[in-house]
Amino acid sequence: MNETYEPSLIEAAAQRYWDDSGTFRAVEDLQRPKYYCLSMFPYPSGRLHMGHVRNYTIGDVISRYMRMQGRNVLQPMGWDAFGLPAENAAMANSRPPAQWTYDNIAVMKRQLKALGFGLDWDREVTTCKPDYYRWNQWLFLRMLEKGVAYQKTGTVNWDPVDQTVLANEQVIDGRGWRTGAEVEKREIPMYYLAITRYAQELLDDVQQLEGWPERVRTMQANWIGRSEGVTIGFPYTLNGESRTLKVFTTRADTLMGVTFVAVAAEHPLAAHAALHDAELASFVDECKRGSVMEADLATMEKKGMRTSLTVTHPLTGEEVPVWVGNYVLMGYGEGAVMGVPAHDERDFAFAKKYDLPIRQVIDVAGQVYSTDAWQPWYGETGTCIASGNYDGLAQHEAIAAMAAALESRGLGSLQVQWRLRDWGISRQRYWGCPIPLIHCGDCGVVPVPDKDLPVVLPDDLVPDGSGNPLLKHAAFVECLCPRCGKAARRETDTMDTFVDSSWYFLRYASASNDTAMVDERVGYWLPADQYIGGIEHAILHLLYSRFWTKVMRDLGLVDLGEPFSNLLTQGMVRNAIYFRKPASGRVVYYNPTEVEVTTDEKGMPTGARLKADGLPVESGGIGTMSKSKNNGVDPQAFIDRYGADTARLFMMFAAPPELSLDWSDEGAEGAFRFLKRLWKAVHVHVSAGGAAPLVAADMTPADRDLRRLVHQTLSKVTDDYGRRRTFNTAIAAVMELLNAVARHEARQPAARAVVHEALTLAVLMLSPVVPHVTHALWQALGHTTAVIDESWPCVDPEALHQESVTLVVQVNGKLRSQITVAVDADEEGIRAAALADATVQRFVGALTVRKVIVVRGKLVNVVAA
RNA sequence: GCCGGUGUGGCGGAAUUGGUAGACGCAUCUGACUCAAAAUCAGACGCCAAAAGCGUGGGGGUUCGAGUCCCUCCACCGGCACCA
């Protein structure tokens with residue numbers, strides 16, 4: 001055994017061993033319980049960043065632990081390889097996105113291997129390859145047949161200078177990112193997936209996902225946004241024809257307080273009213289032109305304009321004026337609302353502004369209503385008043401009664417509304433999965449026949465920023481209609497990349513199948529036992545994946561309702577931010593490695609200066625690692641210097657996985673120091689002769705104490721890895737154990753035997769986190785097997801046994817002393833021992849002992865007054 | 001505004017079921033080794049001059065006992081946001 005710890009040598013050797021033995025190749029085995037450990041696959045942006053390292057280390061630790069627990073583990077990896085950054089890089093380098101993407105994949109794959117992750121590369125999935133995305137296309141056609149996919153017009157951002165559609169992230173302050181031109185809204189035909197059909201099931205099931213963090217479940221539930229209410233029809237006459245204007249409300253109990261109705265600018269009734277009203281027409285136009293951003297809408301002033309139209313109140317028959325309001329959303333409910341100024345804050349503001357009547361119809365605990373200013377209680381629930389037959393009814397009674405009355409007149413019904421909208425998947429972009437449709441002058445839109453799949457995306461085009469290059473690529477666009485055989489045009493829109501990531505986890509289970517999207521192996525591996533990834537995917541990716549799985553289930557392709565049993569959302573990786581703000585010009589950010597922090601003699605930071613010039617820089621606190629703040633740490637440089645094990649150890653030790661992790665060079669150095677100490681401890685032990693047989697009779701009390709600590713540690717680490725997923729506390733416990741080993745006098749054979757057991761178990765316990773160094777140390781400890789093939793060790797109950805136990809003694813709840821008693825001492829004995837203690841007696845003094853509380857194995861509290 | 005979360009030493013964090021607050025690590029200080037530095041090893045390290053006292057964002061409560069439970073207020077972070 002080498003005397004010094006040299007990570008570069010041992011890491012390469014361990015990785016070679018796993019590679020040569022095919023250690024991580026997962027094989028279906030019905031006799032063994034499986035464990036599918038899934039990490040979110042990366043976008044191949046160029047190089048791994050620390051966020052990836054953290055994500056995949058968490059997954060690898062869980063995978064290796066479950067493997068040692070005897071599970072048949074699958075831990076796959078792939079590439080979310082379509083998307084906009086590749087197009088941008090292509091423009092910058094004048095190279096096709098495909099080349100850039102595949103180069104990045106090669107680099108990042110090498111980095112993942114260098115980190116020692118136990119991945120099954122035979123199942124690698126790359127979404128930009130035809131053998132993957134052909135199944136996007138195939139399933140899209142199945143969805144089209146079922147009506148789950150359908151066409152409708154949608155609004156896109158249009159850059160008038162580049163003549164191109166912009167993605168939301170390419171619109172900055174309402175202007176195109178490249179041209180700076182003001183973005184316009186355009187209506188174009190797009191394809192949608194009817195996720196709203198599954199809204200109820202997606203909501204119901206997310207409540208059942210107990211292995212998911214509460215906040216993710218809440219975020220999904222809010223996003224789906226179920227509300228129960230009543231759709232109410234207000235009859236009116238248009239060109240002599242009877243019609244009804246529908247509104248949706250959750251407060252039907254306030255129906256008698258309606259003094260106006262308001263429709264969205266996009267509502268057909270607004271368009272009709274504007275026909276002969278130039279002023280209204282320009283107002284409607286203004287509303288439509290306004291910002292697309294919903295956040296801006298929320299803070300906008302409420303504006304409206306009266307139309308010449310009126311509708312009839314469905315219960316009272318009263319005439320109610322119709323307004324166009326900029327605060328009414330076309331996309332939610334019916335695009336129209338009933339105005340009840342007395343009990344809705346927005347309607348109140350609107351009514352005050354335009355001097356509309358305010359009519360109180362709800363009484364809340366007899367409070368006195370005034371129309372001077374809005375009071376929070378106006379919006380609360382209460383009892384109906386000034387509502388005719390409905391007076392005195394509580395909210396739910398009133399709603400039921402009114403809904404029944406409306407229903408009998410054909411003017412309303414109970415209804416559930418959703419905030420969730422259908423998923424628009426068309427993107428007017430090149431680097432994505434082609435939508436398999438053909439436009440024929442005679443036959444219209446014709447699906448590409450299954451036998452002609454995949455529609456292959458030409459991978460040698462270079463976008464120039466002005467529109468989708470597929471449009472100019474005749475070999476792609478020009479085709480024959482599959483139905484009539486005449487010349488036709490191929491659809492050039494591609495799919496949202498969220499489509500690619502909505503089912504990759506199923507494909508891992510059937511990656512080798514080139515005749516079907518998925519096969520029966522999905523039934524063995526899925527659902528994923530553990531999914532790990534960033535919180536930024538809490539809503540869209542996870543919701544789309546759940547939806548996609550349910551669609552595939554309804555198509556009979558999988559027997560699975562939910563794809564991920566347990567979800568772990570890992571925290572961000574952060575680092576210090578330093579900058580200088582010149583008198584003129586832009587703020588300059590300095591990487592923390594270029595900065596030296598000065599401290600006072602107590603270690604309190606007093607300032608920071610740039611190493612290069614010794615002059616001060618300002619501290620910007622701590623923030624997520626990013627290019628813009630120049631506070632990233634390159635994993636590769638770190639691995640080159642300290643090795644993968646140190647990177648993995650620091651990542652797992654510095655914080656529990658769900659919390660954000662602050663990078664610290666000194667902390668990482670500390671992790672390296674620990675591995676050196678571990679190496680040295682084994683080296684010292686092995687050099688002194690190594691193993692000796694464990695003979696209980698020869699052990700000193702100190703030996704027995706150490707052995708108890710060894711097995712207590714094992715018990716804690718098992719719980720921390722398996723149940724709590726708090727790797728930081730597991731590592732801390734092993735560190736404590738090694739501190740105890742270092743202090744232990746190990747000359748006698750019995751003592752050496754205990755130390756041998758301690759080191760052996762420490763190596764096993766650490767092996768999921770630092771697999772390379774433990775691979776080497778396992779052999780150094782005299783084993784001919786590989787540590788990766790070892791089972792998780794068992795706690796020896798014999799070792800935990802102890803004769804006496806130390807209890808703390810409190811007087812009136814304050815810690816005062818300690819006593820040692822026999823482990824089986826009765827309560828009376830413990831009580832007597834505590835009262836006999838000299839320190840206890842001093843604190844009790846002249847007081848009378850009122851009560852003595854004994855908590856077995858823990859403490860004694862003497863209550864005296 | 002609504003929903004969710006978090007507040008513990010100089011720092012990251014620990015305390016799992018109401019029972020020793022600050023494990024483990026970082027930083028800092030002292031010492032050993034060294035001509036010296038680094039590395040390494042040993043020790044100190046919540047506040048306060050203090051054995052006493054105080055101390056887990058502030059205030060109040062329940063309890064023999066509260067970081068943990070209840071009420072209330074404050075601050076910060078995240079999500080949704082004119083959703084009728």
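Quick note on labels: first sequence line is chain A, next is B, and so on, each numbered from 1. Remember, it's a predicted structure, so these values are computed and weren't measured experimentally.
Between Ile622(A) atom CD1 and rC77(B) atom C1' there is a gap of 14 Å when expressed in whole angstrom units. The nearest whole Å value for the distance from the CG atom in Asp344(A) to the C1' atom in rC2(B) is 14 Å. Distance, Trp663(A) CH2 to rC11(B) C1': 16 Å, rounded to whole Å. Counting to the nearest Å, the C1' atom of rG12(B) and the CE atom of Met735(A) are 12 Å from each other. Counting to the nearest Å, the P atom of rU6(B) and the CE atom of Met572(A) are 17 Å from each other. Computed from coordinates, the Leu659(A) CG to rG78(B) P distance equals 14 Å when rounded to whole Å. To the nearest angstrom, P of rG25(B) lies 14 Å from CZ of Phe650(A). At whole-Å resolution of the value, CZ in Phe653(A) and P in rC11(B) are 17 Å apart.
Nucleic acid contact for Arg215(A): sugar-phosphate only, since backbone atoms but no base atoms lie under 4.0 Å from a heavy atom of the residue. Nucleic acid contact class of Arg816(A) (heavy atoms, under 4.0 Å, all strands): sugar-phosphate only. Residue-level contact check: Arg723(A) touches the bases, meaning some heavy atom is under 4.0 Å from a base atom. Nucleic acid contact for Gly225(A): none, since no nucleic acid atom lies under 4.0 Å from a heavy atom of the residue. Contacts of Val328(A) with the nucleic acid, taken as non-hydrogen atoms under 4.0 Å apart, include base atoms. Here Arg842(A) lies out of heavy-atom contact (under 4.0 Å) with every strand. Here Asp347(A) lies out of heavy-atom contact (under 4.0 Å) with every strand. Among the heavy atoms of the strands, none lies under 4.0 Å from Thr4(A). Trp223(A) comes within 4.0 angstrom of the backbone, heavy atoms only, and of no base.
With no hydrogens or angles considered, a side-chain donor-acceptor pair links Gln415(A) and Thr231(A) at under 3.5 Å. For the 3.5 Å distance criterion, the side chains of Asp347(A) and Tyr327(A) qualify, holding a donor opposite an acceptor.
Going from the P atom of rG55(B) to that of rG60(B) covers 11 Å, rounded to whole Å. Straight-line distance between the C1' atoms of rU8(B) and rA66(B): roughly 14 Å, to the nearest whole Å. Comparing the P positions of rU20(B) and rC26(B) gives an interatomic distance of 26 Å, to the nearest angstrom. When the P atom is compared between rG10(B) and rU17(B), the two are found 28 Å apart, to the nearest whole Å. Across the C1' atoms, rC35(B) and rA27(B) are found 29 Å apart, a figure rounded to whole Å. Rounded to whole Å, the separation between the P atoms of rC71(B) and rC3(B) comes to 15 Å. Rounded to the nearest Å, the gap between the P atom of rA52(B) and that of rG1(B) is 48 Å. For the P atom pair drawn from rU16(B) and rC33(B), the interatomic distance equals 44 Å after rounding to whole Å.
Applying the 4.0 Å criterion to OP1 and OP2 of rA81(B), one finds that Asn222(A) has every side-chain N and O outside that range. Look at Ser227(A) and you'll find a side-chain N or O under 4.0 angstrom from OP1 or OP2 of rA84(B). Contact between the side-chain N/O atoms of Asn739(A) and the OP1/OP2 oxygens of rG25(B) is found at a separation under 4.0 Å. Applying the 4.0 Å criterion to OP1 and OP2 of rA84(B), one finds that Tyr332(A) has a side-chain N or O inside that range.
In this structure, of rA23(B), rC80(B), rC82(B), it is rC82(B) that holds the atom nearest to the side chain of Asn326(A). Between rC82(B), rG79(B), rC3(B), one nucleotide has an atom nearer to the side chain of Arg346(A) than all others, and that is rC82(B). For Val855(A), whose side chain is taken as the heavy atoms from C-beta onward, the closest listed nucleotide among rG19(B), rC3(B), rA15(B) is rG19(B). Looking at the side chain of Ser664(A), the nearest of the listed nucleotides rU20(B), rC26(B), rA84(B) is rC26(B). Considering only the side chain of Arg673(A), rU40(B) comes nearest among rU40(B), rG53(B), rC83(B). With rU20(B), rA14(B), rC3(B) as the candidates, the nucleotide lying closest to the side chain of Leu815(A) is rU20(B).
With respect to Arg856(A) and Glu827(A), no salt bridge is recorded, no charged nitrogen being found less than 4.0 Å from a carboxylate O. Taking the charged nitrogens against the carboxylate oxygens, Asp705(A) and Arg708(A) do have a contact shorter than 4.0 Å, which makes a salt bridge.
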Dot-bracket, RNA chain B: Watson-Crick or G-U, under 3.5 angstrom, [ ] crossing, | other strand? (((((((..(((......[....))).(((((.......))))).((.....))..(((((..]....))))))))))))....

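Taking a 6.0 Å sphere around NZ of Lys611(A), one finds it holds more than 12 heavy atoms contributed by other residues, nucleotides or ligands. In this structure, Lys246(A) places its NZ atom where only 12 or fewer heavy-atom neighbours from other residues, nucleotides or ligands lie under 6.0 Å away.
Nearer to the 5' terminus of RNA chain B, by closest-nucleotide assignment, is the contact made by Ala742(A) (compared with the other of Ala742(A) and Arg251(A)). Mapping Phe248(A) and Ile539(A) onto RNA chain B via the closest heavy atom, the residue that lands nearer the 5' end is Ile539(A).
With a 6.0 Å cutoff to the six-membered ring centre and a 45° limit on the axis angle, Arg574(A) does not count as a cation-pi contact of Trp663(A). Cation-pi geometry between Arg816(A) and Phe843(A) is met: the NZ or CZ atom falls under 6.0 Å from the ring centre, inside 45° of the normal.
Aromatic ring centres of Tyr354(A) and Trp323(A) lie closer together than 6.0 Å. Less than 6.0 angstrom separates the ring centroid of Phe260(A) from the ring centroid of Phe350(A).
Between Tyr5(A) and Trp679(A), the two ring planes are tilted [angle within 30° to 60°]. The aromatic rings of His541(A) and His537(A) lie perpendicular to each other, with more than 60° between the two planes, well past the 30° mark.
Side chain Lys716(A) to base rU16(B): a donor-acceptor pair is found below 3.5 Å. Between the side chain of Arg421(A) and the base of rC83(B), a donor-acceptor pair under 3.5 Å is found.
The glycosidic torsion of rG78(B) lies more than 90° away from 0, which places this base in the anti conformation.
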Intermediate values then yes/no, salt bridge (Lys or Arg N to Asp or Glu O under 4.0 Å), Glu286(A) and Lys303(A): CA-CA 11 Å; Glu286(A) 184 195 321; Lys303(A) 279 196 206 163; 3.4 Å; yes

Can you name the atoms? Protein N/O to nucleotides 60-65 of chain B N/O, anything below 3.5 Å, with the distance.
| residue | atom | partner | partner atom | Å |
| --- | --- | --- | --- | --- |
| rC64(B) | O2' | Asn861(A) | ND2 | 3.3 |
| rC64(B) | O2 | Asn861(A) | ND2 | 2.6 |

